[in-house]
Structures are given as C-alpha cells and as structure tokens.
Engineer: 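Structure incoming, see below.
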Amino acid sequence: MTLSTTDLLRELEPVVETNLNRHLATAKEWFPHEYVPWSQGTDFDGVLGGQAWAEEQSTLSDVARTSLIVNLLTEDNLPSYHHEIATLFGRDGAWGTWVHRWTAEEGRHGIAIRDYLLTTRAVDPIALERARMVHMGTGFENAYLDDTALHGIAYVSFQELATRVSHRNTGRISDDPICDQLLARVAADENLHMIFYRNLLGAAFELAPDLAMRAVTDVVRTFQMPGHTIENFGRKSVQIAMAGIYDLRIHHDEVVVPVLRNLKVLETAGLSADGEKARDELVEFLAELDRQATRFSERRDKLNAKKSAKTT
Ligand SMILES: [Fe+2]
Ligand SMILES: [Fe+2]
C-alpha cells in the first residue's frame with residue numbers, strides 16, 4: 001500500500017484539528033519574565049562598562065551549566081525546526097495553525113532560559129553567544145526524508161518527551177529552586193507537545209499500520225537528540241549522562257518505552273509481512289538498548305564508587 005505525504009496529511013487533518021483545540025484548551029498562558037530573578041542582575045563589561053563574567057559568579061555546578069547550555073542551544077535552533085516542520089506539514093489549515101503556535105511556544109523557552117542564565121550570571125555570556133552562532137550556522141535537518149512524513153511525526157513524538165525529561169532533570173540537579181521552577185514550567189510545555197504528536201502517531205497507526213511501524217522502528221533505531229549538532233555535543237552528552245540527567249536508561253525507560261506502550265505499538269494488529277518485520281526489528285533493538293543501558297549504568301556506578309573511594 002502506498003500513501004503519499006499529501007494523502008496522509010489530508011487524512012490526519014481532522015486529528016490535527018481536534019488535538020490543536022485540545023492543546024489550546026489545555027496549555028496555560030505563562031510569561032517568561034515572571035520566572036527570572038531580575039534583582040540578581042547587573043551590567044556586564046563592554047558597552048555598559050559593568051563587570052565581566054567570571055566562573056565564580058555562577059552558583060551552578062559545571063554539569064548543570066553544560067546541560068542548561070545544551071538545552072538552550074537546542075531551543076535556539078528553532079528557525080531551522082520551524083522550516084523543517086512547516087516544509088513537512090505545510091502551513092495550511094490546522095497544520096499551519098499548529099506549526100506557528102508550536103514555534104511561538106518553543107521560542108518562549110529560549111527567551112526564558114537565556115534571561116535566567118544571563119541575569120544570574122550562570123554561564124559565560126560570550127561563549128554562549130558564540131556557541132549559538134556556530135550551532136545556528138549548522139542548522140537542523142530532518143534526518144528522515146521519506147515520502148510520508150511519518151518518520152517526522154514519529155521523531156517529534158520521542159524528541160518532545162526527551163526534551164521534557166532533559167529540562168526536568170536539569171532543573172532537579174541545578175540546586176537552584178528558581179531554575180528548577182522555570183525548567184519544570186518549560187517541561188510541562190514539552191509534555192503537551194509530546195501528547196500532540198503522539199496522538200497523531202496513534203492516528204497514523206490506524207491509517208497505515210505498516211508504514212507507521214516502519215517509521216517508528218527507523219526512528220527509534222537511529223534516534224539522536226535535536227541538539228546533536230552542537231559543538232562538542234559528544235563530550236557534553238557524556239557529562240550529562242554521567243550525572244544521570246539523560247542517559248540510556250532514562251532514554252529507554254522514560255522516553256522510548258512509554259510512547260510505545262501508550263500507543264500499544266508492539267500489539268498492533270493487522271500488519272503485513274513488512275510491518276511484522278519492522279516490529280521484529282524494533283523488539284530486537286529495544287532489547288539491545290536495554291542491555292546497553294544496563295552496561296552504561298554499571299560502568300558509571302563503578303566509576304563513581306572509585307571516585308568516592310579516592311575522596312574518602
Ligand atoms: Fe522547548
Ligand atoms: Fe517542545
């Protein structure tokens with residue numbers, strides 16, 4: 001069975017409309033400025049002749065800083081995401097309304113996090129700005145140039161949940177209740193985004209189960225965080241994983257499995273041989289991901305035990 005992108009998007013339009021209305025009714029208006037402790041702010045050096053940034057001004061740990069920078073740079077690349085999503089879904093009707101609304105909400109995240117980081121002098125503002133320029137210079141490309149947009153829908157379902165978990169856990173380890181409160185607010189938005197896309201993916205499974213299964217399998221097997229093109233992302237993501245903010249165990253248990261379980265993906269009925277093959281590949285990959293997650297956690301525990309033995 002072949003289903004063109006146009007066919008699929010047209011079939012999904014009523015689902016988009018229902019979920020857009022649900023989203024608009026559920027999402028609460030909030031204001032970034034209310035979450036930023038402006039009284040902690042002072043002028044920087046340069047044009048205004050204030051004080052230069054120095055690391056000791058930051059109350060955050062090194063890993064909290066790294067994670068906040070990765071999360072902010074991820075949000076910053078929004079023009080590229082908007083371009084990809086608008087190209088994939090189009091800008092007409094409910095699709096267009098959603099794409100624009102989603103972009104505006106993501107923009108709020110970047111505003112709020114940047115204002116917090118600069119006001120509290122949590123990170124080096126010059127390094128942050130240079131990293132933003134480099135990252136946005138790279139842009140973001142949808143890795144799944146298939147002909148049905150299903151890979152895109154599957155990707156954002158997992159990606160929004162991954163972003164939610166990443167913001168939430170970064171807030172928790174920040175040791176700053178103001179940071180935690182801000183990131184919990186941002187994470188609540190990401191959760192609503194995830195629900196929107198997951199509901200679409202669920203509808204796609206009803207429309208075209210074989211193609212949806214193939215898309216989910218491909219996406220889960222090759223998943224990369226949206227910020228993977230950030231400079232030194234490899235080193236940063238290891239640091240983030242070592243701190244338990246986002247690691248393979250979390251990816252498996254709190255991102256991949258919950259989406260699959262919610263949609264009952266593994267129990268999908270009426271698959272053809274192609275769909276069954278995709279499901280088998282998915283099951284096999286999940287088992288391997290689970291094994292890798294356990295191996296990583298064990299290695300980390302050993303390393304941490306060694307470290308604490310050294311310091312005591
Ligand atoms: Fe966001
Ligand atoms: Fe989001």
Engineer: Flag the pair Glu106 / Glu190 as yes when at least one side-chain heavy-atom distance between them is below 4.5 Å, and no otherwise.
Structural biologist: yes
Engineer: Checking Ser308 side chain against Ala305 main chain: does a donor-acceptor pair fall under 3.5 Å?
Structural biologist: yes
Engineer: Do Ile113 and Leu183 have side chains that get closer than 4.5 Å, going by heavy atoms?
Structural biologist: yes
Engineer: Pair His109, Leu78 - check side chain to side chain contact (heavy atoms under 4.5 Å, CB included), show working.
Structural biologist: CA-CA 10 Å; His109 301 165; Leu78 188 56; over 6 Å; no
Engineer: Any donor and acceptor pair, going by atom type alone, linking the side chain of His167 with main-chain N or O of Ala187 inside 3.5 Å?
Structural biologist: no
Engineer: Taking all atoms of both residues into account, what is the closest heavy-atom pair of Ala162 and Met225, and its distance?
Structural biologist: CB-SD, 3.8 Å
Engineer: Give the minimum heavy-atom separation between Leu88 and Gly152, together with the two atoms involved.
Structural biologist: CD2-CA, 3.8 Å
Engineer: Please confirm whether Tyr155 and Tyr197 have ring centers closer than 6.0 angstrom.
Structural biologist: no
Engineer: Any idea which heavy atoms bring Thr170 and Ala64 closest together, and the distance?
Structural biologist: CG2-O, 4.3 Å
Engineer: Say you draw a straight line from CD1 of Ile250 to CG of Asp253; how long is it, rounded to the nearest 0.5 Å?
Structural biologist: 9.0 Å
Engineer: May I ask you to say whether Arg10 pairs ionically with Asp7, meaning some side-chain N is under 4.0 Å from a carboxylate O?
Structural biologist: yes
Engineer: I'd like to know if the side chain of Asp210 reaches the main chain of Ser272, judged simply by a donor and an acceptor atom lying under 3.5 Å from each other, with no hydrogens or angles considered.
Structural biologist: yes
Engineer: Of the non-hydrogen atoms in Asp180 and Gly171, which two are nearest, and what is the gap between them?
Structural biologist: OD1-C, 3.1 Å
Engineer: Kindly indicate, with the supporting measurements, whether the criterion side chain to side chain donor-acceptor pair (under 3.5 Å) is fulfilled by Asp218 and His151.
Structural biologist: CA-CA 8 Å; Asp218 289 348; His151 285 82; 2.8 Å; yes
Engineer: Looking only at side chains, do Thr97 and Arg91 share a donor and an acceptor under 3.5 Å apart?
Structural biologist: no
Engineer: If hydrophobic clusters are built from ILVMFWY residues whose side chains come within less than 4.5 Å, do Val259 and Leu207 share one?
Structural biologist: yes
Engineer: To the nearest 0.5 Å, what is the distance between CZ on Phe223 and CG on Leu289?
Structural biologist: 11.5 Å
Engineer: So Tyr35 and Ile178, do their side chains get closer than 4.5 Å, heavy atoms only?
Structural biologist: no
Engineer: Considering the options Tyr81, Trp98, Trp95, which one meets the ring pair (Phe, Tyr, Trp, His ring centres under 6.0 Å) requirement together with Phe89?
Structural biologist: Trp95
Engineer: Do Asn199 and Arg22 come close enough that some side-chain heavy atom pair is under 4.5 Å?
Structural biologist: yes
Engineer: Verify, without hydrogens or angle tests, whether Glu75 (side chain) and Arg114 (backbone) share a donor-acceptor contact under 3.5 angstrom.
Structural biologist: no
Engineer: Would you say the side-chain atoms of Thr217 pair up with the backbone N or O of Ala278, donor to acceptor, closer than 3.5 Å?
Structural biologist: yes
Engineer: Are there over 12 heavy-atom neighbours, none belonging to Glu231, within less than 6.0 Å of that residue's CD?
Structural biologist: no
Engineer: For the CG atom of Leu266 and the CG atom of Leu286, what is their distance to the nearest 0.5 Å?
Structural biologist: 6.5 Å
Engineer: Looking at Arg101 and Glu105, does any basic side-chain N land under 4.0 Å from a carboxylate oxygen?
Structural biologist: yes
Engineer: Should Glu254 and Arg168 count as side-chain neighbours, where that means a heavy-atom distance under 4.5 Å?
Structural biologist: no
Engineer: Would you mind reporting whether Leu68 and Cys179 have side-chain heavy atoms less than 4.5 Å apart?
Structural biologist: yes
Engineer: Quick check on His83: does its NE2 atom have over 12 non-hydrogen neighbours (other residues, nucleotides or ligands) under 6.0 Å away?
Structural biologist: no
Engineer: Would you say Val186 and Trp30 make side-chain contact, with heavy atoms under 4.5 Å?
Structural biologist: yes
Engineer: Between His252 and Leu248, is there a donor-acceptor pair closer than 3.5 Å when you use the side chain of the first and the backbone of the second?
Structural biologist: no
Engineer: Just by distance, do the side chain of Thr119 and the backbone of Tyr116 share a donor-acceptor pair under 3.5 Å?
Structural biologist: no
Engineer: Output yes when a side-chain donor or acceptor of Asn21 lies under 3.5 Å from a complementary backbone atom of Glu17, and no otherwise.
Structural biologist: yes
Engineer: May I ask you to decide whether Arg291 forms a salt bridge with Glu284, counting only side-chain N to carboxylate O separations under 4.0 Å?
Structural biologist: no
Engineer: Is a salt bridge present between Arg108 and Asp189, judged by a nitrogen-to-oxygen distance below 4.0 Å?
Structural biologist: no
Engineer: So, does Ser237 use its side chain to make a donor-acceptor pair with the main chain of Gly234 at under 3.5 Å?
Structural biologist: yes
Engineer: Flag yes if Leu128 and Val36 sit in one hydrophobic cluster, no otherwise; membership is Ile, Leu, Val, Met, Phe, Trp, Tyr, and two members link when side-chain heavy atoms are under 4.5 Å apart.
Structural biologist: no
Engineer: Go through the steps to decide whether Glu206 and Lys264 satisfy the test salt bridge (charged side-chain N to carboxylate O under 4.0 Å, His left out), and finish with yes or no.
Structural biologist: CA-CA 11 Å; Glu206 281 172 24; Lys264 298 189 171 62; over 6 Å; no
Engineer: Step through the shown structure and confirm whether more than 12 heavy atoms of other residues, nucleotides or ligands are within 6.0 Å of NZ on Lys277.
Structural biologist: no
Engineer: Do Leu24 and Leu200 belong to the same hydrophobic cluster, where Ile, Leu, Val, Met, Phe, Trp and Tyr are linked whenever their side-chain heavy atoms lie under 4.5 Å apart, directly or via other members?
Structural biologist: yes
Engineer: Does any non-hydrogen side-chain atom of His193 lie less than 4.5 Å from one of Leu161?
Structural biologist: no
Engineer: Could you tell me whether Asp62 and Arg65 have a side-chain N and a carboxylate O separated by less than 4.0 Å?
Structural biologist: yes
Engineer: Applying the 4.5 Å side-chain criterion to the ILVMFWY set and letting contacts propagate, would Val63 and Ile69 be lumped into a single cluster?
Structural biologist: yes
Engineer: For residues Thr229 and Gly139, report the shortest heavy-atom separation together with the two atoms involved.
Structural biologist: OG1-O, 3.8 Å
Engineer: Apply salt bridge (charged side-chain N to carboxylate O under 4.0 Å, His left out) to residues Glu281 and Arg214 and explain how you reach the verdict.
Structural biologist: CA-CA 9 Å; Glu281 287 171 26; Arg214 170 48 62 197; 3.0 Å; yes
Engineer: Short question: side chain of Asn19, backbone of Val15 - any donor-acceptor pair under 3.5 Å?
Structural biologist: yes
Engineer: Under 3.5 Å, is there a donor-acceptor pair linking the side chains of Ser166 and Asn71?
Structural biologist: yes
Engineer: State whether the number of non-hydrogen atoms from other residues, nucleotides or ligands found under 6.0 Å of Arg261 atom CZ is greater than 12.
Structural biologist: no
Engineer: Take Arg249 and Thr294 through the test side chain to side chain donor-acceptor pair (under 3.5 Å) and record every step on the way to the result.
Structural biologist: CA-CA 7 Å; Arg249 175 54 57 211; Thr294 303; 2.7 Å; yes
Engineer: Go through Gln51 and Gln57 one step at a time and tell me if the side chain to side chain contact (heavy atoms under 4.5 Å, CB included) criterion holds.
Structural biologist: CA-CA 11 Å; Gln51 194 190 8; Gln57 295 160 0; 3.5 Å; yes
Engineer: By side-chain hydrogen bond (donor to acceptor under 3.5 Å, both in side chains), which residues pair with His251, not counting sequence neighbours?
Structural biologist: Tyr246
Engineer: Any salt bridge linking Arg279 with Glu276? Criterion: basic side-chain nitrogen under 4.0 Å from a carboxylate oxygen.
Structural biologist: yes
Engineer: So, for Pro79 and Met136, which heavy atoms are closest and what is the spacing to 0.1 Å?
Structural biologist: CG-CE, 3.6 Å
Engineer: Could you go through Glu129 and Arg132, starting from their C-alpha distance and side-chain angles, then the distance that decides it, and tell me whether this counts as salt bridge (charged side-chain N to carboxylate O under 4.0 Å, His left out)?
Structural biologist: CA-CA 5 Å; Glu129 178 60 6; Arg132 189 184 69 85; 2.9 Å; yes
Engineer: Would you say the rings of Trp102 and Phe196 are close, in the sense that their centroids are separated by under 6.0 Å?
Structural biologist: no
